[in-house]
Amino acid sequence: MASDQQTPGRPQGRRAIARARRREALGRGWRQFRTHRGGMAGLGILVFFTLVALLAPVLFPPETISVTQATGELLAPPSAEYWLGTDDSGRSMLALLAWGARVSLTVGIAATLISMVIGTSVGIASGHYTGFGGATLQRLTDWVLVIPFLPLAIVLATVLGGGSTLTIIVVIGVTSWAGTARLIRAQTLSVEGRPYLERSRALGSGNWHQMTRHVLPNVFPLVLTNTTLTVAIAILSETTLSFLGLGDPLRPSWGSTLDQAFSNGAVSAGAWWYIGPPGLCVVLVVLSFTMIGRALEQIVNPRLGRQ
Amino acid sequence: MTESVLEARNLEVTFRGRGNQTARAVDGVDLSLGRGEIVALVGESGCGKTTLSRALLGLERPSGGEILVDGQPLEYSAGALKKHRRSAQLVLQDPTGALNPRRSVYEAVAEGLRVHRFDGDERAAVADALSRAGLRPPERFFLRYPHELSGGQRQRVVIAGALVLQPQVIIADEPVSSLDASVRGEILALLLSLRESLGLSLLVVTHDLGVAWNIADRIAVMYLGRIVEQGPTEEVLSAPKHPYTRALLSVVPEIDHVDPIVLTGEPPDPTAIPSGCRFHPRCPALRDGEAQAVAEDCRSKDLPVLSDADGHEAACWLTGTPAGH
Amino acid sequence: MAVLELDDVSVTYRSAAGPVPAVRGVSLTVDTGSSLGLAGESGSGKTTVTSTVLRLLPKSATVTGQVLLDGEDVLTMRWGRLRAVRWATASVVFQGAMHALNPVQRVGHQIAEPIRLHEKSVSEPTARARVGDLLEQVGLPSRVAQSYPHQLSGGQKQRVMIAMALACGPRLIVADEPTTALDVMVQQQVLEVLAERVRDLGLAMVFISHDLSVLASACDDLAVMYAGQVVEQGPSDQVFENAHHPYSRALGDAFPRIGDMRFRYSPSGLPGDPPFPGEAPSGCPFHPRCPQAREVCSTTEVQLRPSGERRWSSCLFAPEVGT
């Protein structure tokens, strides 16, 4: 019947409707997002930091953060020339923060991406497959979850070769997915019990179809909200690892700046401009992700969005 | 009887329950569904009717007996199952739960096509199925989400999702019990009209004898894993032979009905099926002495599986030795 | 004597999209020892009406009119008085017995809870004895008090809910779809228990359901609601057998009389869907779905008026009765 009616005039029928649907959903989503004050504020903060990170080389040439070519006084308080003062090597704090945003955002987002992909796949698969495979994945999750983060991270970084940003990203990514996997597994189990999965099975669908078409869209809001938490953890983990000398010493991040502040006695010297701004940056970025996550959740979940 | 499109032969499905007890959910069932026939499978919750319908769809592996599709035994290889699921579709009780809240009507209906890698014009097929299910004009519904529809419209979407694959058989599990009263007739009328226009066979699983009276050609009454009475709807419902069917009919709320026969005793438990006739501990005919003459048989002699022959049969010692094998 | 009297009760919900009238001018009376069936589909306002009796509505609802419980206006009661009235004078049998019971408490404890709340002086053995007594009243052995909810079947749980509703000797019981989701056999048992209690204890009962046949067999009188209004009222057998409103007729026909060839291969339903609360059409709210609608139905405001002996209908074409 329908298969014979395919006319040359409408071969793109399926794709056209998919595109129309997506465009409409996106448009509607953006309109809803704009009405969400917290989400817009978060987006504003994130856009600001992203711009700063992208424009850092233009605004602050690389030599401004070089220890040997620093021009300012040591540990000088904010002044007209150095708006946020200088560090213990006489570098402009503003420049350090801008360059730090590059590393912190890159590591935070990239590591989170890895963590989310692994966590979501393992979580869905261990919830969907009830037999031996699911149980094995669940044990693996538990195992990663109970291993202390630091020793595992140090061993991994050593094996992968320390001292590069890429290593930090991979190390954080492959050590932080277990919590997500557990959460996603629980949600998967609850989705698995819904009648629409039964209906899909009765239609003859396979495991891949069920997982990608039914389970994934329904656990996705959880993935999104969890992402915001993981970004925060990833940025903090980057701090820790940089402090332990596993990061790239030539690229200052907010974390390593903070560590230097502590190890150089900024607290006892009363150099608040050395400690406060990097900390504030971490808090602001983490907060912006959280606010965006909450707004997105309301939009992605049609039932929540209506209330 | 017309040729059967879907048939259970001596079917058994067991589950391993708590404490290693075996629940015999379906315990010897013969049931066939002819081309273009509407059969109502009636029983209380826990009688095994849902398990039987799942087994007919290939969603449950039988532990004994077999399922015949167009006269051929159903294979349980992935490919054969997929083929079977294209020709036999399921419509669930609760349309709200049966639709993924995050997918639009279009996607819900097109799902079957995508699963089976339909290579024709998907949009046309979806539009056709929607309008057959009474959602016209179909384009208006493409981008709607389930929560934007009424209960009746949702059930129509579920039915369209089944129709889009052009199945031979639809198994509907309580298709109207969660719908508003005034909408329910419309959905039943839709199912009837699909039989007329597409020649579909329909198995309606329900606890509501009224639904059977509304649309079914034949009725099969199930109790504790067995079919205890089957026959043409008019005959079974106006002259029930089995005491269980009589009891079920007597409690249908109506204004001038006969005295309700309320069954007492333990609710049926598929992990402990009584010997003899499985209904005997609760049988009103045995309790009030009507079955005095056959009481010994009722308590100790197992009944054969009720054969799925033409005519009106009951698995009861009181009605004479039932036909069976 | 009237236990419950609703006089011109309207309920309006505030919402983001403006006020939503859920109930519009409903007047009902229930006497001792009698039962009133309230029929209607989802969104018809039947549950909202009964929620006004115990003032169980959310804060966003505004109620106007009068709700007299034993002659006392519930809507103007002080909070303390209201708490005393809840359960002691009027109690509710909720729909989802499966979810209304606490899974980690023994059934007996849960039945005794309202007794302890309302009669502080009651001693533990007395309370226990009363629980046993209540369970026997609803046809359960008193040892059920020691069970947890998961050990009971659906019908048994619904009986426990009834026992709980009877615990403080109320004058009025509101049963909100107490038999939905139960099998016919169990439904019959629960209906019998309820009818027996109403008769023996001289209670008044309001019974809510969308199934007109259940209501007709369980209640003396019937009120049929559509879009927040009562569209027909009268003795239940007459409303069920010979409706004066096309909507009641359609509701009655939705559940066929088995054996009546009129329904064989012809399930009857109505086109369209019930209107959302607050989106009721002009004129007679039922006219877009009505098989007998004429031109005037969409323009003439309708209200309940007498259509026979003890009968009322809002249909413009119902039998006229000289007043």
Side-chain angles (χ1 to χ4, degrees), chain A residues 1-25 27-29 190-210 212-222 297 299-307, chain B residues 53-54 57-59 78-79 81-104 106-108 110-116 118-129 139 142-143 145-148 158 161-162 164-167 171 173 198:
Chain A
M1 178 195 66
S3 55
D4 305 327
Q5 285 176 351
Q6 195 177 2
T7 50
R10 288 211 324 238
Q12 81 286 36
R14 173 176 166 172
R15 233 168 282 154
I17 185 116
R19 222 178 297 135
R21 209 170 49 227
R22 216 168 292 145
R23 205 178 312 129
E24 206 220 9
R28 200 177 40 221
S190 110
V191 173
E192 287 280 327
R194 304 281 160 83
Y196 50 79
L197 264 135
E198 168 95 358
R199 174 173 165 265
S200 182
R201 269 192 288 274
L203 281 172
S205 64
N207 290 320
W208 178 251
H209 178 94
Q210 289 169 35
T212 53
R213 297 298 159 81
H214 289 291
V215 180
L216 184 62
N218 281 289
V219 300
F220 201 68
L222 202 62
E297 193 189 11
I299 292 159
V300 178
N301 188 337
R303 279 165 308 171
L304 263 185
R306 247 183 114 176
Q307 282 159 9
Chain B
S53 62
R54 288 173 52 92
L57 284 166
L59 288 169
L81 274 182
K82 197 163 177 179
K83 190 162 150 263
H84 176 51
R85 286 176 192 161
R86 182 166 186 161
S87 69
Q89 288 293 317
L90 174 66
V91 170
L92 286 162
Q93 167 178 11
D94 170 23
T96 310
L99 293 173
N100 188 333
R102 293 176 188 287
R103 316 201 68 202
S104 64
Y106 183 91
E107 291 170 305
E111 177 168 13
L113 296 174
R114 294 181 185 167
V115 164
H116 292 279
F118 177 70
D119 51 9
D121 185 347
E122 185 184 272
R123 188 188 160 103
V126 170
D128 185 63
E139 286 80 10
F142 277 178
L143 300 179
Y145 281 88
H147 67 90
E148 300 166 342
V158 173
V164 77
L165 288 168
Q166 302 171 25
I171 296 184
D173 192 349
L198 304 173

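Residue numbers start from 1 in every chain, and the chains themselves are labelled A, B, ... in the order their sequence lines are given, proteins ahead of strands.
Contact check for B:Val115 versus A:Arg213: no side-chain heavy atoms found under the 4.5 Å cut-off.
Listed by chain and number, the residues in a side chain to side chain contact (heavy atoms under 4.5 Å, CB included) with B:Leu165 are A:Leu203, B:Arg86, B:Gln89, B:Leu113, B:His116 (sequence neighbours excluded). Qualifying side chain to side chain contact (heavy atoms under 4.5 Å, CB included) partners for B:His84, counting only residues two or more places apart in sequence or in other chains: B:Leu6, B:Val69, B:Leu74, B:Ser87, B:Ala88.
The only option from A:Asn218, A:Val215, A:Val191 that meets the side-chain contact (heavy atoms from CB on, under 4.5 Å) definition with B:Asn100 turns out to be A:Asn218.
When only modelled atom types and interatomic distance are considered, A:Ser200 and B:Glu111 share a side-chain donor-acceptor pair under 3.5 Å.
Distance check, rounded to the nearest 0.5 Å: CG of B:Asp173 to CZ of A:Arg199 gives 14.5 Å. Atom OG1 of B:Thr96 is separated from atom CZ of A:Arg194 by 12.0 Å, given to the nearest 0.5 angstrom.
More than 12 heavy-atom neighbours from other residues, nucleotides or ligands sit within 6.0 angstrom of NZ on B:Lys82.
Across B:Arg85 and A:Arg201, no two heavy atoms sit closer than the pair CD-O, 3.3 Å. Here the closest non-hydrogen pair linking B:Leu92 and A:Pro195 is CD1-O, 3.5 Å. Nearest heavy-atom pair across A:Tyr196 and B:Ala98 is CB-O, 3.1 Å.
Proximity to chain B involves both the backbone and the side chain of A:His214, based on heavy atoms less than 4.5 angstrom apart.
Annotation: maximal heavy-atom pairing with chain A below 4.5 Å, among B:Pro167, B:Gly97, B:Ala110, B:Ala108, occurs at B:Gly97.
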